[in-house]
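Encoded as structure tokens, the structure appears first; notes follow it.
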Amino acid sequence: MTVAAASAASVTGAASVVQSVDWLAISPPVITASAALIVLVADLFLPRERKPLLGGIAIAGLGAALLLLIPLHRSPRSTFCLTTNAEACSYTVDRFTLVIQFLVLGGALLTALLSMTDLTESGEKLPAGEFWFLLLSSAAGAALLPASRDLATLVVALEVASLPAFALVGLKRGNRLSSESALKFFLSSVTATAVMLLGVSFVYAATGTLHLTQLADRLADVPYQLDTVAQTGVVLTLVGFAFKTAAVPFHFWVPDTYVGAPLPVAAYLSVVGKAVGFSGLVLVAVIAFPAYADVWGPALAVVAALTMTVGNVGALRQSATRAYSAIRLLAWSSVGQAGYLLVPIAAAGYSSDAQVGATVAYALMYAVVNLGAFAVAALVARTRPLNRIADYRGLYAERPFAALALGFFLLCLAGLPPGIIGLFAKVTVFSAAVDAGLGWLAVVMAFNVVIALYYYLRWTAVLFRAPEEAEASPEKAEAVVAATAVGGAAEAEPAGATGSGAGAGGVTVARPRVPVPIAAAIALTALVGVGLSGMPQVALHFASISLF
């Protein structure tokens, strides 16, 4: 070979390993991560009184990332592909990716709105710079995960989404409950990650690849000697994602973590954290491991039944007068809802015609109404920091719009009119189980829906009960005024007004104004929930996805 020919071959070989990056495809997580870096640097130079600007940067970054999803809907796009196999890519934008990215970025944006007031009024308890950087970093990982198409990228995205969440949970300075919750969350999550990495290593040892599409082909033809290794790897990998979804028996961290975390962070974990776990579970089970559907299909069906039952029974046992019982009920409810979300994935292990879109449609409904419920809880917590269910008594007399919104959200979660979108979502999941021949799982689901009706309706009834009369003493009125004035300007109610703002005997009591960010979060979730209830077929069509 001549020198010129050798040089030409060298250039050709070098060109074969050089790839062009589709920057539009990767723009949503990149923009979110860039906003996190901007916040981190800006925090070093902004004086304390200008720290609220960091929240504006975070919201603008998340809004820009959401807008960049619009041009991506035209056709699927892939990047970071193997030079020897253009179909084996590490990053793919398809219908599934866009829906999940819309869910996680929208959830992070609503979380940011809920956080604006807390960060402004909490002083040094919640450091603004660290909070916004951690929230944006976690959101960037959450946006990356649904587009990941190899196990290495999936694990990295999962940890980028999870590690900042540990710090967010424990961000309350000097709060023992927050620190304890963060430690429990961290230790249990690290254990699950270690198990998942062990499973990934077993899968790689049996197949020699990490790309999901190649795994599907090679697992179908694993040598007999490596079959046990492959099965073990599949199970251990799924265990790691099951923890992120708060599925039983990996759910024990949820109630204490939600109570100890700042309320916006609890809302974030209940929606975005769950979406991350379920999208990862869908990708590895449906795309990478269909050859072992006879292993993970029955296992997920049993886990789904246990999860919805344990979650609903745990919510049912919450006492209305226990401290933080409202947050604990939402936590246990999220465990029960995770069971419903697992049903279509389990059904995919029994039928190649199963649509994982049922899980995505249910996740969209759950995200909207659960974030709305947490937004109302954040409003109530401003005057009743213990956030007991009993503290919501008479909310309609005090805050009619907030009470109506929370009642609507709870009815959506229960699957009752006027929460039509909740009913449609449950019917879709129920149909997925029946179509896959999982009649026993459909019966378990119906039984759990009845259990959930009781505690959702019990809380809804509390909202519209007559408020308890306050003691008609000047000292009592002065104490209430002082307590309610904390954290915002107060507006006086006329003497003799109904609701917890007016005491007996015509005592005028002040109540805090509703902060604009919290009001916006409640109004936005209520508007989307009502719109979806009026046109539920839009959500179902939007999430009609098949990964087979």
Side-chain angles (χ1 to χ4, degrees), residues 19 21-33 36 65 68-69 72 76-82 85-105 107-108 136-165 189 192-193 196-197 199-201 203-204 207 209-219 233-234 236-245 272-290 345 356 359-360 363 545 547-548:
Q19 300 184 46
V21 178
D22 189 339
W23 290 102
L24 179 60
I26 66 174
S27 57
V30 167
I31 291 296
T32 308
L68 286 170
L69 297 178
L72 292 174
R77 312 166 73 104
S78 296
T79 188
F80 303 114
C81 303
L82 294 178
N85 185 357
E87 295 182 357
C89 301
S90 294
Y91 191 99
T92 298
V93 178
D94 53 17
R95 185 79 168 271
F96 176 81
T97 301
L98 290 178
V99 174
I100 300 299
Q101 286 183 338
F102 173 78
L103 192 158
V104 299
L105 292 173
L136 288 170
S137 298
S138 179
L144 171 63
L145 191 140
S148 303
R149 291 300 185 272
D150 69 68
L151 291 179
T153 309
L154 270 174
V155 171
V156 171
L158 186 64
E159 292 310 302
V160 171
S162 300
L163 290 175
S189 182
T193 300
M196 180 175 60
L197 287 174
V200 170
S201 66
V203 170
Y204 180 74
T207 61
T209 184
L210 292 175
H211 286 86
L212 303 186
T213 53
Q214 290 186 331
L215 281 172
D217 296 331
R218 298 189 186 184
L219 284 174
V234 168
L236 294 179
T237 302
L238 294 176
V239 164
F241 287 101
F243 169 86
K244 303 299 181 182
T245 63
V272 178
K274 201 173 296 297
V276 166
F278 275 103
S279 56
L281 192 61
V282 167
L283 289 174
V284 296
V286 178
I287 295 182
F289 302 154
I345 306 176
V356 296
T359 287
V360 179
I545 299 165
L547 297 179
F548 286 99

- Task: Search all heavy atoms of Ala108 against all heavy atoms of Val272 and return the closest pair with its distance.
- Result: N-CG2, 4.0 Å

- Contacts of Ser189 meeting side-chain hydrogen bond (donor to acceptor under 3.5 Å, both in side chains) (sequence neighbours excluded), chain-then-number -> Lys244

- Would you say the side chain of Leu105 lies within less than 4.5 Å of the side chain of Pro28, judging by non-hydrogen atoms? yes

- Query: Is there side-chain contact between Phe289 and Leu219, with at least one heavy-atom pair below 4.5 Å?
  - Reply: yes

- Task: Apply side-chain hydrogen bond (donor to acceptor under 3.5 Å, both in side chains) to Ser148 and list each qualifying residue two or more places apart in sequence or on a separate chain.
- Result: none

- Query: Can you find a pair of side-chain heavy atoms, one from Thr213 and one from Asp217, that are under 4.5 Å apart?
  - Reply: no

- Message: Taking the side chain as everything from C-beta on, heavy atoms only, tell me whether Phe241 gets closer than 4.5 Å to Leu283.
- Response: no

- Query: Roughly how far, to the nearest 0.5 Å, is CG of Leu281 from CD1 of Ile345?
  - Reply: 4.5 Å

- For Phe243, enumerate each residue passing the ring-ring contact (aromatic ring centres under 6.0 Å, His included) test, keeping only those at least two apart in sequence or located in another chain. Trp253

- Item | side-chain hydrogen bond (donor to acceptor under 3.5 Å, both in side chains) partners for Thr237, two or more places apart | none

- Check side chain to side chain contact (heavy atoms under 4.5 Å, CB included) between Val30 and all other residues, then give those that pass, not counting sequence neighbours. Ile26, Ser34

- Got Leu212 and Leu154 here, is their nearest side-chain heavy-atom distance under 4.5 Å? yes

- Item | Heavy-atom pair of closest approach, residues Val160 and Ser137 | CG1-O, 3.6 Å

- Item | Residue list, side chain to side chain contact (heavy atoms under 4.5 Å, CB included) with Ile31, at least two apart or on another chain | Ala64, Ala65, Leu68

- Task: Indicate the atoms forming the closest heavy-atom contact of Leu236 with Gly199, along with that distance.
- Result: CB-CA, 3.6 Å

- Task: State which residues pass side-chain hydrogen bond (donor to acceptor under 3.5 Å, both in side chains) with Ser27; sequence neighbours excluded, sorted by chain then number.
- Result: none

- Only counting residues at least two apart or in another chain, list the ones meeting salt bridge (charged side-chain N to carboxylate O under 4.0 Å, His left out) with Arg218. none

- Taking atom CZ of Arg77 and atom CG of Leu24, what is their separation to the nearest 0.5 Å? 4.5 Å

- With Ala216 via side chain to side chain contact (heavy atoms under 4.5 Å, CB included) - residues at least two apart: Pro290

- Please name the pair of heavy atoms, one in Thr32 and one in Leu136, separated by the smallest distance, quoted to 0.1 Å. CG2-O, 3.4 Å

- So, do Ile100 and Phe278 sit near enough that their side-chain heavy atoms are less than 4.5 Å apart? no

- Donor-acceptor under 3.5 Å (Tyr91 side chain, Ala25 main chain): yes

- Give, for atom CG of Leu151 and atom CG of Leu215, the distance between the pair rounded to the nearest 0.5 Å. 5.5 Å

Please table the atom pairs, donor to acceptor, closer than 3.5 Å between any side-chain atom in residues 139-146 and protein atoms at least two apart or in another chain.
none

- Note on the structure: Value for CE (Met196) from CG (Leu158), rounded to nearest 0.5 Å, stands at 4.5 Å

- Item | Qualifying side chain to side chain donor-acceptor pair (under 3.5 Å) pairs with a residue from residues 274-283, counting only residues at least two apart or across chains | none

- Message: Restricting to non-hydrogen atoms, name the atom on Cys89 and the atom on Arg149 that form the minimum distance, rounded to 0.1 Å.
- Response: O-CB, 3.1 Å

- Non-hydrogen side-chain atoms of Gln214 and Thr207 separated by less than 4.5 Å: no

- Query: Below 4.5 Å, heavy atoms only, C-beta onward: do Arg95 and Leu98 meet side chain to side chain?
  - Reply: no

